[in-house]
2 protein chains.
Amino acid sequence: MDSPDNAKTALVARIAEIFREFGYEGASLSRITEGTGLGKGSLYHFFPAGKTEMAAEVLLHIDRWFSRRIFQPLEQADALTGFDDMWRAVDDYFLAGRRICLVGAFAVDSTRDRFAAAINGYFTRWIQALQQALRHAGLNSAEAAALAEDVVAGIQGALILARALDDTDFFTRNLQRLRQRLELALVRQ
Amino acid sequence: MDSPDNAKTALVARIAEIFREFGYEGASLSRITEGTGLGKGSLYHFFPAGKTEMAAEVLLHIDRWFSRRIFQPLEQADALTGFDDMWRAVDDYFLAGRRICLVGAFAVDSTRDRFAAAINGYFTRWIQALQQALRHAGLNSAEAAALAEDVVAGIQGALILARALDDTDFFTRNLQRLRQRLELALVRQ
DNA sequence: GTCTATAAAGCGATAGAC
DNA sequence: GTCTATCGCTTTATAGAC
């Protein structure tokens, strides 16, 4: 429970929330110090390369979560339950639109250049896993590709707008419509 | 041509690109100095309140552009050409996905709190103008509201993913699909 | 209107005591 | 493993010459 590994994982999760709130540039070490309760010395003990290493580990942590809860369920060809898993995970993770997608946030400005591989890999895998699951569910390749892109982009857009409008309902109902579109496509073929 | 007003407008446009590239926190005064060719003294002459005032004027500049090219055409009830105007303006403005939406970028992190009214107003007006145009084109209120949200959120998502994947084609084809969905809805009713 | 010089604060990062 | 103190640099912002 309190193994060194778990302690560091919890620390990474805490730092992730600070990056979410302030962005990469806005998340200063003093804010991270304040938000984690750890002094700079402790932070550099865990992350010798400093802020860059913190962000890299945060992205790794996010990728592992999505792998387990979204990518792998979708990639298991035989499991039609993958879609249900994805919608549940998306709702769990983004807290009905109160939480942004940090990978998307990093993609927007020059922070992307530092973490281009992780950012590209996250979205590429999500879209490909979803597309593959849709093909296995019977859609042809073009339909599956288009719908997978629509869904992943639609989630990102809904997250931005929920925050811009300060309206979590926006996220909830847009996610609901995306889900209905996907399920309609599955029924139709 | 070189009136003081036009000179400042050109300056604001230049500063906007620097905010786009580095985000609000990442756009330091030295980067703005470098990108505009103006010293700090000159910048504070134009924007006495500093970076906050620069960003506020940038948001105003963006809002004026969208008002003229997108919101007003959509709000003119009799003009079905409003949709064409919007798609053309979106393509012009975002340079086929090479340019991000600064309003959306500001919405993501704590920068939003500084400019909440401008950010909320921009998206609210876009969605409402589009919804109103769709209703005037014959859609019922619920369909128009849903489609307007899908389109605006879809554009934001496509911009994020085009940058994340470093793939402008992603934006172009997703925008194309959004347009087809809208036109299909118009034909169907 | 633009510049240089400079102030005061905050930044990421390091050193070293404990 | 955590802390305090501190370094060197950059930040936003101001002052004042031209």
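The shown structure was predicted, so the numbers you read here are calculated from the model rather than taken from an experiment. Letters A, B, ... are given to chains in the order of the sequence lines, protein chains preceding strands, and every chain is numbered from 1.
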Report task. Treat primed atoms plus P, OP1 and OP2 as sugar-phosphate and everything else as base, then score nucleotides 5-18 of chain C 5' to 3': B for base contact with protein heavy atoms under 4.0 Å, S for sugar-phosphate contact only, - for none. Result -> ------SBBB----
Taking [X] first and then [Y], would you say they form a salt bridge - that is, a charged N and a carboxylate O separated by under 4.0 Å?
X	Y	answer
B:Asp85	B:Arg88	yes
B:Asp84	B:Arg179	yes
B:Arg112	A:Asp166	yes
A:Asp92	A:Arg69	yes

Query - B:Gln189, CD: over 12 other non-hydrogen atoms inside 6.0 angstrom - result: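 Check passes, neighbour count above 12.
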Let me know the distance between [atom1] of [X] and [atom2] of [N], rounded to the nearest Å.
X	N	atom1	atom2	answer
B:Ile32	D:dA13	CD1	P	10 Å
B:Phe46	C:dC3	CZ	P	10 Å
B:Leu38	C:dC3	CG	C1'	11 Å
B:Ile18	D:dT12	CD1	C1'	16 Å

Query - N or O in side chain of A:His45 less than 4.0 angstrom from D:dG1 OP1/OP2 - result: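 The answer is yes; a side-chain N or O of A:His45 sits under 4.0 Å from OP1 or OP2.
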Query raised in the report: Considering all heavy atoms of both residues, which atom of B:Arg99 and which atom of B:Leu159 are nearest to each other, and what is their separation?
Result: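 The pair with the smallest heavy-atom distance is O-CD2, 3.4 Å.
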